Student: 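After the structure tokens below, expect a handful of questions from me.
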There are 2 protein chains.
Amino acid sequence: MSAGLTERRQAILKLVIQEFVETACPVASETLVRKYRLNVSPATVRNELAALEELGYLTHLHTSAGRVPTDAGYRFFVENLMERTTLPLAEQRTIRHQFYQVRGELDQWIQLAGAVLARTTQNASLVTPPRAAEPLRFRSMELIAIHDTMALAVLVFHGGIVKQQTVTLDAARSSEDLRRSAARLSDYLADQTLSGIEETLARPAEQQPLALTDFERGLVEMLVRAMQTFEEQSREQIHSDGLIEMLSQPEFIPSLVREDAERAVERLRRALEILKSGRGLGTLIPQVLASDGVQVIIGGENSADEMREYSVVLARYGVENAIAGVLGVIGPTRMAYPRSISTVRYISSLMSDLLAELYNVESRIPEGEALE
Amino acid sequence: MSAGLTERRQAILKLVIQEFVETACPVASETLVRKYRLNVSPATVRNELAALEELGYLTHLHTSAGRVPTDAGYRFFVENLMERTTLPLAEQRTIRHQFYQVRGELDQWIQLAGAVLARTTQNASLVTPPRAAEPLRFRSMELIAIHDTMALAVLVFHGGIVKQQTVTLDAARSSEDLRRSAARLSDYLADQTLSGIEETLARPAEQQPLALTDFERGLVEMLVRAMQTFEEQSREQIHSDGLIEMLSQPEFIPSLVREDAERAVERLRRALEILKSGRGLGTLIPQVLASDGVQVIIGGENSADEMREYSVVLARYGVENAIAGVLGVIGPTRMAYPRSISTVRYISSLMSDLLAELYNVESRIPEGEALE
DNA sequence: ATTAGCACTCTCTCGTCAAGAGTGCTAAAG
DNA sequence: CTTTAGCACTCTTGACGAGAGAGTGCTAAT
């Protein structure tokens with residue numbers, strides 16, 4: 001019976017997927033013949049569909065409804081059937097322009113990347129802030145008086161990472177005082193990592209190259225705390241956007257998908273939880289960070305059951321050996337993979353370019369034209 | 001027939017609202033009698049319910065279903081029937097402790113306030129960053145070299161507001177160079193507002209007290225751009241959180257609310273749009289900024305039709321004559337108003353305390369115990 | 001003024017039924 | 001051996017209706 005995946009079956013599989021992605025309705029044999037002007041009869045197509053089903057690429061919800069791709073079907077499509085597309089140049093231009101307008105602000109890049117991914121793919125987007133390959137390394141500190149008993153500490157780390165923190169002063173201090181303390185600490189702890197700083201502090205007093213005042217000791221504590229929370233946060237933080245875009249997919253509109261409507265809402269809640277907590281994605285991120293190119297995870301392929309109905313398209317971005325993050329889109333398995341993939345590829349290369357510029361490394365990515 | 005709002009009717013109205021808020025089901029006369037051990041018969045209650053309906057405080061979905069409060073009913077409850085409660089001390093303590101742990105970071109306060117509001121009220125929360133009453137006033141600038149052709153500008157404004165921005169250098173510059181330029185500009189433009197800076201720059205060259213290099217001129221442009229975008233953003237930005245909490249309300253669970261299920265999803269989409277875009281809230285924020293105490297907007301009372309099914313509980317927070325923002329919760333009109341109001345009141349006073357501390361003003365708010 | 005009793009209304013839930021969609025199978029044709 | 005026409009079969013969907021249940025509104029008695 002099953003004579004393997006003949007050319008024609010592949011072509012039909014491709015059509016089924018295209019059609020299903022477009023319409024979100026199970027596709028019937030006759031629809032295919034009519035819409036794509038196939039030169040065979042519906043019966044022939046039915047035979048092929050049955051074969052594809054036996055091979056595991058399609059399913060039946062129930063006896064008499066059209067075919068729907070399985071995860072394996074999508075997988076085959078992505079691997080073998082899909083032509084590699086790039087985002088239209090006009091869209092690339094528009095996106096580049098938007099990034100140009102927020103040049104200089106990393107936070108804005110992240111936010112913009114999320115918004116653009118969501119808008120162009122009509123799905124939710126995920127962006128993790130770029131994380132340094134190496135642990136955070138202190139560079140210098142500035143103290144700026146806000147008023148008598150309060151100052152603002154600006155903590156600068158290697159790689160242009162800056163954190164600010166207000167500190168309460170035990171007593172009034174002059175600007176000059178603050179500047180001196182900041183300078184002393186900047187000198188004292190320059191280029192140290194968190195563990196280095198802790199080590200330095202742990203040394204017995206007589207081995208300390210510098211006698212710290214109580215005030216300065218307090219500052220160091222604040223610095224340590226800031227570095228800790230930063231490392232914790234950057235490890236986990238996932239920005240997401242485009243919930244609304246994803247929710248406009250028919251999967252979430254009970255009137256369109258002939259189904260319980262109960263389940264549509266349940267699905268929605270699950271989607272929310274995934275996006276908010278990043279649960280189900282936790283294991284994916286490091287995996288993507290360790291691999292090149294665009295990664296496509298279809299349904300529950302790689303992670304827990306809760307992701308069964310969703311696909312994720314992710315790519316790493318960043319600068320080799322320096323800093324890297326992950327960005328991508330998440331949506332129902334019925335996803336326009338070519339578009340998602342080309343968008344993710346483009347945005348990740350764009351973000352890489354921007355970061356490379358920041359890090360003064362010439363870009364290595366083919367699609368990366370200079371930013372304006 | 002309608003002998004006005006007698007004592008007993010008020011009591012019954014109160015019970016109806018309590019019951020409906022708790023169960024989300026239309027409340028029947030017999031239920032009231034049984035559950036609250038009223039010493040009258042269901043028939044009597046029915047008469048009173050009918051009167052309350054005629055007075056506009058209750059409605060009927062259809063002939064034979066229990067009563068449901070109208071907006072006017074909630075309004076009367078909030079104004080006259082509700083006892084003014086405060087958040088339990090244990091909860092206050094927990095919340096204070098959480099704020100203590102992120103002391104020194106304004107961004108974190110905002111985020112935490114949103115999370116706490118959402119969690120304790122089981123609704124979505126809204127927080128706008130505190131905005132200075134006066135326009136942004138420049139204080140000083142630091143330039144920190146990142147590498148040869150890139151530096152990080154740290155812009156400090158009055159009130160402890162800090163922005164960072166990377167700048168590309170036209171040519172390599174020494175640290176000393178950068179420091180001098182930053183110092184010159186800090187001196188030159190200190191204490192100026194955006195319009196002041198623009199005015200200063202507009203003066204003819206011979207009146208300029210200081211001849212700026214091209215590089216410095218570029219920095220000023222960057223500063224102006226940063227100040228502009230900051231003012232724009234802070235005018236509009238609304239942080240929201242707690243979507244998941246709100247979505248766990250029965251209104252959004254089609255199986256619980258006997259209703260189209262279609263509408264539950266539509267309602268949900270609307271909620272999302274309100275939260276994301278702040279549409280329907282736009283007019284509310286300035287209104288709340290201009291008034292004291294907790295403001296309750298029930299249903300479409302004050303704004304457009306899209307808010308008809310939602311209530312908002314908002315309060316201003318901040319420091320008199322210096323800085324102010326708005327925070328609160330949004331949820332279905334069937335809301336536990338006493339709890340929402342007391343939570344919003346507490347969080348706003350807490351945030352006010354924190355800001356007052358930052359601004360070195362002694363706190364004026366009664367509930368505001370010292371932070372730890 | 002309160003309340004018991006009861007009719008009335010409206011929703012909700014099944015079950016049935018007919019229509020429709022699409023498949024799977026069989027047998028004939030190329 | 002492949003393709004196809006024809007047809008029975010399955011399953012969903014929507015409509016209709018009846019019966020049960022919930023709660024009210026009214027009336028008349030207390």
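Heavy-atom basis, side chains included; hydrogens, waters and symmetry copies ignored. Convention: sequence-line order gives letters A, B, ...; per-chain numbering from 1. Values in this document were obtained by computation on a predicted structure and should not be read as measured data.
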Student: How many angstroms lie between CG in B/L49 and CG in B/L13, if you round to the nearest 0.5 Å?
Tutor: 9.5 Å
Student: What is the distance from CG of A/L38 to P of D/dT4, rounded to the nearest Å?
Tutor: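 It works out to 11 Å between those atoms.
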Student: Can you find a side chain N or O atom of A/R34 that sits less than 4.0 Å from OP1 or OP2 on C/dG22?
Tutor: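 No, because none of the side-chain N or O atoms of A/R34 sits under 4.0 Å from OP1 or OP2 of C/dG22.
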Student: Roughly how many Å is it from CZ in A/R46 to P in D/dG6, rounded to a whole number?
Tutor: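 A/R46 atom CZ is separated from D/dG6 atom P by 12 Å.
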Student: Classify the nucleic acid contact of B/S64 as base, sugar-phosphate or nothing, counting any heavy atom under 4.0 Å across all strands shown.
Tutor: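 Touches a base.
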Student: Starting at CZ of A/R8 and ending at P of D/dT4, how long is that distance when rounded to a whole Å?
Tutor: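 Atom-to-atom, A/R8 to D/dT4, this comes out as 8 Å.
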Student: I want to verify a distance call: between D/dA5, D/dT24, C/dG24, whose nearest atom is closest to the A/A43 side chain?
Tutor: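 Selected nucleotide: D/dA5.
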Student: Kindly point out which of C/dT3, D/dT4, C/dT23 is positioned nearest to the side chain of B/V40?
Tutor: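 Looking only at side-chain atoms, B/V40 lies closest to C/dT3.
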Student: Which residue pairs pass the salt bridge (charged side-chain N to carboxylate O under 4.0 Å, His left out) test with at least one member in residues 331-342 of chain B, sequence neighbours excluded?
Tutor: B/E91-B/R339, B/E251-B/R334
Student: Please tell me if B/T63 has a side-chain N or O lying less than 4.0 Å from either OP1 or OP2 of D/dG23.
Tutor: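 Answer is no, no contact under 4.0 Å.
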Student: A/N39 has an atom CG; how far is it from atom P of C/dG30, in whole Å?
Tutor: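 Checked: the CG to P distance equals 18 Å.
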Student: Return the value, rounded to whole Å, for the distance between atom NE2 of B/H62 and atom C1' of D/dT24.
Tutor: 11 Å
Student: Just compare C/dA4, D/dT4, D/dG25 and give me whichever is closest to any side-chain atom of B/H60.
Tutor: D/dG25
Student: Whole angstroms only, please: what is the CG-P distance between A/L52 and C/dG24?
Tutor: 12 Å
Student: Could you tell me the separation between the CD atom of A/E48 and the C1' atom of D/dT2, rounded to a whole number of Å?
Tutor: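 Taking CD of A/E48 and C1' of D/dT2, I get 10 Å after rounding.
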Student: Holding to side-chain hydrogen bond (donor to acceptor under 3.5 Å, both in side chains), I want the full list of residues that pass it with B/T121, two or more places apart in sequence or in another chain.
Tutor: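 side-chain hydrogen bond (donor to acceptor under 3.5 Å, both in side chains) check on B/T121 returns nothing, list empty.
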Student: Give the rounded distance in Å between these two atoms: CD of B/E19 and P of D/dG23.
Tutor: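 Computing the B/E19:CD to D/dG23:P distance gives 11 Å.
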Student: Taking the side chain of B/S41 as heavy atoms from C-beta outward, which of C/dT2, C/dT3, D/dT4 is closest to it?
Tutor: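 Between C/dT2, C/dT3, D/dT4, the one nearest the side chain of B/S41 would be C/dT3.
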Student: From C-beta outward on A/T44, which listed nucleotide comes closest to its side chain: D/dT3, D/dT24, C/dT23?
Tutor: D/dT3
Student: How many angstroms lie between CD in B/E301 and CZ in B/R75, if you round to the nearest 0.5 Å?
Tutor: 4.0 Å
Student: Evaluate the side-chain proximity of B/Y337 to B/I298: yes if any heavy-atom separation is below 4.5 Å, no if none is.
Tutor: yes
